[in-house]
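So you know, we letter chains A, B, ... as the sequences are listed, proteins then strands, and number each from 1.
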Amino acid sequence: MADVGATGAEIRATRIEKAKTLQVQGMTPYAYRWERTHTAAVLQEKYAHLAAGEAVGDRVSVAGRIMARRIFGKLAFFTLQDDSGTIQLYLDKQTITQGMGEAAFADLKHLTDVGDILGAVGTLKRTEKGELSVVVESYTMLTKSLLPLPDKWHGLTDVEKRYRQRYVDLIVNPQVRDTFRKRALITAAIRRYLNEQGFIEVETPVLQTEAGGAEARPFITYHNTLEMQLYLRIATELHLKRLVVGGFEKVYELGRIFRNEGISTKHNPEFTSIEVYQAYADYHDMMALTEAIITTAAKEVLGTLKIPYQGQTIDLTPPWRRVTMYDAVAEVTGIDFRQLGDLTAAKQAAQKVGVKDLDACDTIGRVLNEVFEQTVEPTLIQPTFVLDYPVEISPLAKAHRSQPGLVERFELFIVGREHANSFSELTDPLDQRQRLEEQARRKAAGDLEAHGVDEDFLTALEYGMPPTGGLGIGIDRLVMLLTDSPSIRDVIAFPLLRPEGTTGQL
RNA sequence: GGGUCGCUAGCUCAGCGGUAGAGCACUCGGCUUUUAACCGAUUGGUCUUGGGUUCGAAUCCCAGGCGACCCA
């Protein structure tokens, strides 16, 4: 082989040469299939009893990516990684020569690289150093890798590269694979629980003529044939309620929603939520349901309700603390908003406790919410339901049955972050119309997070929606909590990043 | 939007005004019990981009790009 250097381009060229050599020898570097008898984990489990130095004649077939090569003169050890774990290949020249011919051992040394995907057939033994190994009789190149993997010891740590090339991150960082496996377990557990309770999973439109169901800026797109602007959904709420009107009494949708807002450790422009609607239920029922869903998920992935998160221990054992927004704010700041007469007094009280950005608050309720977000939220580490929100920030929630100016709504906070939001849903179509028209006025006045009136939704309500409890849970944040991940980008496989090499626009 | 930090070999990092380095990976040679194998020899660079200062810039200054964290 030619004397080659070691830049990325040269490494790649060398490996392309190796692939061609394989082809010349009648082996495709890109195989069609492989008959595998065992995964690595199954072998480790099944032959756990083998003592060091002990061998058995059982013939097995494995496949996976070469993660490490340790080559001696006439003996080599490869670490093979598959979806389940790793298994060592014990490759001695004599056995391979018997199985495949004279050149096979030299080819193994010169034509395989870390990163290649290999199939191997052989028998089992535990080496004298105690490593379960497949004593390889024959091997097959299944996929020749052209690009070198990151440093075998330090791995890939550059966060930008980890996000941009998640496939590399997944190959070399086992804990990343583990996080995404847990994510799948969580969504599966939630679906299983809800299905068992008689809920049905439905799918509602992502492309909508009017964004609604939340206060957020939408993404805008365009349908060519209809020649119309469309929005990507910011919530699934308004369509799920239409289904409740239609007679489905227990529905949920677990899916992607899109909000055209900033990016942070807690926000990605597209993220996953679950919304659940149950007829004849109110927000108290939804609290119990929230506890059930989240504890089911926690038990599924962690097997316990006392979970570690960034150095703290969170106790998810229900029932969780319930506190009204008024009481929570009073506890932390000493301000009793029930005693405040007007907006000016409310703003003064808020400023006195260090709350900022009150300019946009035009009602006492909005001041209350601002004070809550700035002073109370960060203190809610253990799971806490905060109840009874101001009506003006809750346009889809039913008026509180006994507290004027408030609605029957709760949000769930854990580790200082909102994890769920729920109402006794507003079913009065005339009240709903007024609330949406107020939102539309805000939109007209320039509020980019407000939306127009969804007339068809109001029409649906006018046909009559049963009393209904609704609940939304942020799946990404729940996965963060249950996988001890500090950033939402750790639980979204392909988080949105600005493309590399874009030249300055604006 | 503001602040701080980062960007040097495929990966992980040093170098901070005077000839661009190390470890791992790669290539070659040796080696039948390794698991960050080992030993020896090579090879590998638009130092994020563009300007500027300087006899001389990876290093200092200005502007841009991308990212991380904190604040709003």
Euclidean distance for [atom1], [N] against [M] (whole angstrom):
{"N": "B:C28", "M": "B:G44", "atom1": "C1'", "value": "15 Å"}
{"N": "B:U32", "M": "B:U49", "atom1": "P", "value": "47 Å"}
{"N": "B:A63", "M": "B:A22", "atom1": "C1'", "value": "33 Å"}
{"N": "B:A72", "M": "B:C60", "atom1": "C1'", "value": "33 Å"}
{"N": "B:G51", "M": "B:G56", "atom1": "P", "value": "16 Å"}

Can you tell me the distance, in whole Å, between the NZ atom of A:Lys152 and the C1' atom of B:C26?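 These atoms are roughly 12 Å apart.
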Describe the nucleic acid contact of [X] in one word from base, sugar-phosphate, nothing, applying a heavy-atom distance below 4.0 Å.
{"X": "A:Arg162", "value": "nothing"}
{"X": "A:Lys125", "value": "base"}
{"X": "A:Thr79", "value": "nothing"}
{"X": "A:Tyr163", "value": "sugar-phosphate"}
{"X": "A:Leu149", "value": "nothing"}
{"X": "A:Arg164", "value": "sugar-phosphate"}

For RNA chain B, what dot-bracket results from Watson-Crick or G-U pairs at under 3.5 Å, with [ ] for crossers and | for inter-strand partners? (((((((..((((....[..))))..((((.......))))......(((((..]....)))))))))))).
Using only heavy-atom distances, determine whether the side chains of A:Arg126 and A:Gln88 contain a donor-acceptor pair under 3.5 Å. no
Between A:Thr7 and A:Glu10, is there a side-chain donor-acceptor contact under 3.5 Å, judged purely by atom types and distance?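 Yes.
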What's the closest nucleotide to the side chain of A:Ser487 if the choices are B:C69, B:A68, B:C26? B:C69
Looking at A:Phe77 versus A:Tyr90, is the centre-to-centre ring distance below 6.0 Å?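 Under 6.0 Å, so yes.
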Ionic contact status for A:Lys74 with A:Asp92, cut-off 4.0 Å: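 A salt bridge is absent here (no side-chain N lies under 4.0 Å from a carboxylate O).
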Between A:Tyr389 and A:Arg409, is there a cation-pi geometry (under 6.0 Å to ring centre, at most 45° from the normal)? yes
